[in-house]
Number of protein chains: 2
Amino acid sequence: MTGEDNESVVKYLRPPGATLEDVADAAGVSLATASRCLNHPDSVRAEKRQRILDAVERLHYVPHGAARALASKRTRMIGAVLPSLDNALFGGALGPFQKTLAAAGYSVLIASSDYDPDLERTHIRNLLESGVEALLLVGALRDPAIYQLIDAKHIPYVLSWVYEKDQHHAYAGFDNIGAAIHLTDYLMMLGHRRFGVISGIIEDNDRAQLRLQGIRSALNGKSLDLDPDCVFERQFSVEDGREVFRLMMSMSKPPTAIVCGAAPFAYGALFEAAEMGVRVPDAVSVASFDDMWLAPHISPPLTAVRTPRREMGEQAARYLVAKLEGERVALPRALETKLIVRKSTGPAPFANLPGSPPPE
Amino acid sequence: MTGEDNESVVKYLRPPGATLEDVADAAGVSLATASRCLNHPDSVRAEKRQRILDAVERLHYVPHGAARALASKRTRMIGAVLPSLDNALFGGALGPFQKTLAAAGYSVLIASSDYDPDLERTHIRNLLESGVEALLLVGALRDPAIYQLIDAKHIPYVLSWVYEKDQHHAYAGFDNIGAAIHLTDYLMMLGHRRFGVISGIIEDNDRAQLRLQGIRSALNGKSLDLDPDCVFERQFSVEDGREVFRLMMSMSKPPTAIVCGAAPFAYGALFEAAEMGVRVPDAVSVASFDDMWLAPHISPPLTAVRTPRREMGEQAARYLVAKLEGERVALPRALETKLIVRKSTGPAPFANLPGSPPPE
DNA sequence: GTTTCTTTTGAAAGCGCTTTCATAATATTA
DNA sequence: TAATATTATGAAAGCGCTTTCAAAAGAAAC
């Protein structure tokens, strides 16, 4: 009686779900065989395999990930730390990243850093503790100690949204400077000489830094300078785009071309322009990074640099999987951006042609 | 020599990183004490604690999540399966969800189902195998076997974006029917009698089903019917919104009010209206679910039902954490939606007042 | 200085699985 | 049929950690 009682208590306290041992018992095979049956099906005789699979079914057996991970040293989890999750920007890479990985049998552990380096560091640490086998990060700019931390674990990682030719890291990204130069050159070709920039917060954000650097570099190439008064640093938001546009238009010498470091700024600028009655692109041209779904629909349609979000997600996933499967893979190559010219950019108002400097 | 050789080989083959045993040895304490030091710091004398913490630091010790999970039966991971990740809609809940959970020490494993029930099922299974301690899902409509699977694991879960008064599930959502009725009533109050609906694909999507049901119900309340020819089912996209708007406007008796099941449809309709020269709201009113950032900026500003995305994410997270911490928590209450009236809706063209049926 | 009551500690037993390694069963060849 | 080469199987040793339990150490009381 006592024994029975005790036994039932034990049963009650047992964690829910059958273990592989239960399956093995039910199928009348050893634990080892049961394990093999699930991991290397054709290393076990067909007849037993069936018995085991039946038992799995009957007992609703669900493998215990942690136990498996501990024994096999594989978690099949990959971590991703993104600056934010609530907009379509990083989601545009995360979705394809996750999809590609899922197809290869990996899960994704995510975290958002909110553009905060400390938070990012914490998340990376936690992901490492969770046993992720690889990491996806955004940008390259971070405390070297973080890279050491990752390297100490010998796990592969990819930096997205940026690209460098150096061999220090694996990048799944694009050339921000080049893209910014291309965009700026295009605007200069249209005769623009006085530029305004609405940038994301520069600190801790190398994408923003590089884009600004690219703009400056293109300008310098034509012996022009970027007026510091025309560079505004803001949190990404439509409202800030509106506000800065208003500020710029109220300057004694407003820019004739506004380059936005991110789409929301451009939308804000365009909305505000419409409201103020400022004609785009006649009075001022507006162009932006991150061609998003709205760009072709907004009025006027927005000239923007298409950033390869889907491609980054997929490339990063493919690279990491290849690495994890032990393949000898080359570092991913730079992804292409593309300048999509629409109606928000046009010739500079007073057609300052190259060679004929604007009247002072 | 051989011994040494062998030893060095062993060391080389060792997985990267120190184990807690290494830390214990380095600190001159037992494994048990080292473990306690990390989990219940004040159950170990201060002096030893310091020695252990120093060793942790010195050896760059990073806990092994799987081992910890296996021994403690806690993974501190929570799974989320969303229909999609690449837009701001679910991201708007996912971000706050993740943030709230991170603050409580939990990580989030995500997967996107692409609105595919089979894929969702697979992901749920995988998450369960990964050892998630709780789940966030979207909608309530799914194969009962899935709920059985989850229940068999005795883990809590929350269904978001929907809400039912029943006690079968925990919901972190809102009343789709009620919101649809409210919106439809508002439009009827403006005199609208002939409605068009652009809905997401109904199959497997209870949010879409409920919204449509709400619209019908409101109409029926006024003895009106929803003309089947005026209901269009499309994948969520701006383009489809445009296309359907065009179709509706070319009908012999076009609707005077268009209710969109999701924001992209409404944007598309508005863009197309502008392009076609159809005056909104004079000729036709457009309203939508999911008030998103663009709604107040688009022209005309969009009347929309604000869905409590942030609140859902936070509420879901709080509920799950409370459950996991063993607190006795009541099921979450329904979240409020709010009809944000803007300029895209107005009186029906021929001011069909209630009581005076439109001339046939 | 004892005795008694707390607080700290370490030994050891798993957690559920994978994976050697040696053995048993089967297939192949002579 | 015997000898040999394969292939399938099971026993057992962990993976790195948490946690019980009993013993040791320290504090408090006499």
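Keep in mind that what you see is a predicted model, and the values were worked out from it rather than measured. Throughout, a chain's letter reflects where its sequence line sits, starting with A, and its residues are numbered from 1.
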How about B/W161 and B/L82: do any of their side-chain heavy atoms sit closer than 4.5 Å?
no

Surrounding CD of A/E327 (heavy atoms of other residues, nucleotides or ligands, distance under 6.0 Å), is the total greater than 12?
yes

Quick note, A/V44 side chain, CB onward, closest among D/dG16, D/dT9, C/dC15 is D/dT9

Taking NZ from B/K73 and P from C/dA13, how many angstroms apart are they, rounded to a whole number?
17 Å

Compute the ring centroids of A/H169 and A/Y147, then answer whether they are less than 6.0 Å apart.
yes

Could you tell me which non-hydrogen atom of A/V44 sits nearest to which non-hydrogen atom of A/C37, and how far apart they are?
CG1-CA, 3.7 Å

Could you say whether A/A66 or B/S43 is positioned toward the 5' end of DNA chain C, judged by the nucleotide with the nearest heavy atom to each?
B/S43

Heavy-atom side-chain proximity of A/L331 to A/Y171 below 4.5 angstrom
no

NZ/NE/NH1/NH2 to OD/OE distance under 4.0 Å, B/K99 and A/D114
yes

Euclidean distance, atom CZ of residue A/R49 to atom C1' of D/dA8 [Å, nearest integer]:
12 Å

Between A/D42 and B/R45, the residue closer to the 5' end of DNA chain D by nearest nucleotide is A/D42

With side-chain contact (heavy atoms from CB on, under 4.5 Å) as the test, would you mind laying out the steps for A/I78 and A/L136 before giving the verdict?
CA-CA 8 Å; A/I78 289 180; A/L136 172 71; 5.6 Å; no

With sugar-phosphate taken as primed atoms, P, OP1 and OP2 and all else as base, the protein-contact string of nucleotides 17-22 of chain C at under 4.0 Å (heavy atoms; B, S, -) is BBBB--

List the atom of A/G28, the atom of A/R51, and the distance in Å for their closest heavy-atom pair.
O-NH2, 3.7 Å

Helix axis bend for the helix from C/dG1-D/dC30 to C/dA30-D/dT1 - C1'-based end axes, five pairs, 10° rounding:
30°

